[in-house]
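Each remark here refers to the structure printed beneath this line.
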Amino acid sequence: LNRYWPFAVPYIKRALDRTTGELTIEDYRRFADAAQIQLWLVHDGTRIRGAATTEIVRFPKINRLRVLTVGGANFDLWADALDLKLREWALTNKCDGIEAYVRKGFVKRLRDAGYQHKLSMVWRPIEHGPS
């Protein structure tokens with residue numbers, strides 16, 4: 001992890017920039033150090049082109065592989081290969097499926113890859129005035 005984490009940081013940070021700020025890159029590093037999340041690197045043989053993070057969520061009756069972040073250059077060139085690896089990992093860990101919270105632009109691309117759009121999340125920040 002120490003060797004490859006620095007290569008993943010820009011991709012994870014870029015993904016986190018699109019969230020509501022609930023987790024930081026430092027949180028992700030702590031989770032990775034504790035083996036609570038998995039780090040996936042995408043490379044072309046010479047350079048790392050992207051990174052993803054996942055976690056296995058264990059429910060009482062099922063397990064699910066949750067994709068936390070995905071980022072990188074030329075996503076369409078490696079998305080299918082990453083999806084294959086994630087499906088293999090999910091099967092190895094007895095998961096019944098893969099889930100991800102994604103921005104609207106990813107829904108069509110993932111639908112084309114066999115994913116079903118099940119729900120959308122909206123979020124509104126609340127400004128806290130002086131107490």
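The figures that follow rest on heavy atoms only: side chains count, while hydrogens, waters and symmetry mates do not.
Atoms CD1 and CZ, on I12 and F7 in that order, are 13.0 Å from each other to the nearest 0.5 Å. If you take CD on E55 and CZ on R64, they are separated by 12.0 Å, rounding to the nearest 0.5 Å. The distance from atom CZ of R103 to atom CZ of R18, rounded to the nearest 0.5 Å, is 4.0 Å. Taking OG1 of T54 as the start and NZ of K85 as the end, the distance is 13.5 Å to the nearest 0.5 Å. To the nearest 0.5 Å, atom CG of residue L65 and atom CD1 of residue I56 are 6.0 Å apart. Distance check, rounded to the nearest 0.5 Å: CG of N63 to CZ of R66 gives 12.0 Å.
Using a cutoff of 4.0 Å between basic side-chain nitrogens and carboxylate oxygens, R109 and D76 are scored as salt-bridged. Salt-bridge annotation for R29 and E26: absent, with no side-chain N of the basic residue lying under 4.0 Å from a carboxylate O of the acidic one. Contact check on D17 versus K13 returns no salt bridge, with no Lys/Arg side-chain nitrogen under 4.0 Å from an Asp/Glu carboxylate oxygen.
Remark: A100 pairs with V67, V102 by the side chain to side chain contact (heavy atoms under 4.5 Å, CB included) rule, at least two apart or across chains.
Using modelled atom types, no side-chain atom of N74 and backbone atom of L77 make a donor-acceptor pair closer than 3.5 Å. Side-chain N or O atoms of T53 include one that pairs as donor or acceptor with a backbone N or O of T69 at under 3.5 Å. For Y11 (side chain) and I48 (main-chain N/O), a donor-acceptor pair under 3.5 Å exists by modelled atom type. For the pair D83 (side chain) and D80 (backbone), a donor-acceptor distance under 3.5 Å is absent. No side-chain donor-acceptor contact under 3.5 Å links N93 to the backbone of C95.
Residues L1 and Y4 share a hydrophobic cluster, clusters being chains of Ile/Leu/Val/Met/Phe/Trp/Tyr side chains in contact below 4.5 Å. V70 and V57 fall into different hydrophobic clusters, defined by Ile, Leu, Val, Met, Phe, Trp and Tyr side-chain heavy atoms under 4.5 Å apart, directly or through other members. When hydrophobic clusters are built by joining Ile, Leu, Val, Met, Phe, Trp and Tyr residues whose side-chain heavy atoms come closer than 4.5 Å, directly or via intermediates, L39 is not grouped with V42. Following chains of ILVMFWY side-chain contacts shorter than 4.5 Å, one can reach I98 starting from L110, so the two form part of one hydrophobic cluster. Following chains of ILVMFWY side-chain contacts shorter than 4.5 Å, one can reach L16 starting from I37, so the two form part of one hydrophobic cluster.
Among pairs with a residue in residues 18-70, those fulfilling ring-ring contact (aromatic ring centres under 6.0 Å, His included) read W40-W89, at least two apart in sequence or across chains. Sorted by first and then second residue, the ring-ring contact (aromatic ring centres under 6.0 Å, His included) pairs involving residues 91-120 (not counting sequence neighbours) are F75-F106.
What you find for T19 and A15 is that their closest heavy atoms are CG2-O, 3.7 Å. Listed here is the closest heavy atom pair of Q36 and Q38: O-NE2, 4.3 Å.
Counted within 6.0 Å of CD on Q116, heavy atoms from surrounding residues, nucleotides or ligands total 12 or fewer; the atom is thus considered open.
Side-chain contact between L41 and W5: absent, with no pair of heavy atoms (C-beta onward) separated by less than 4.5 Å.
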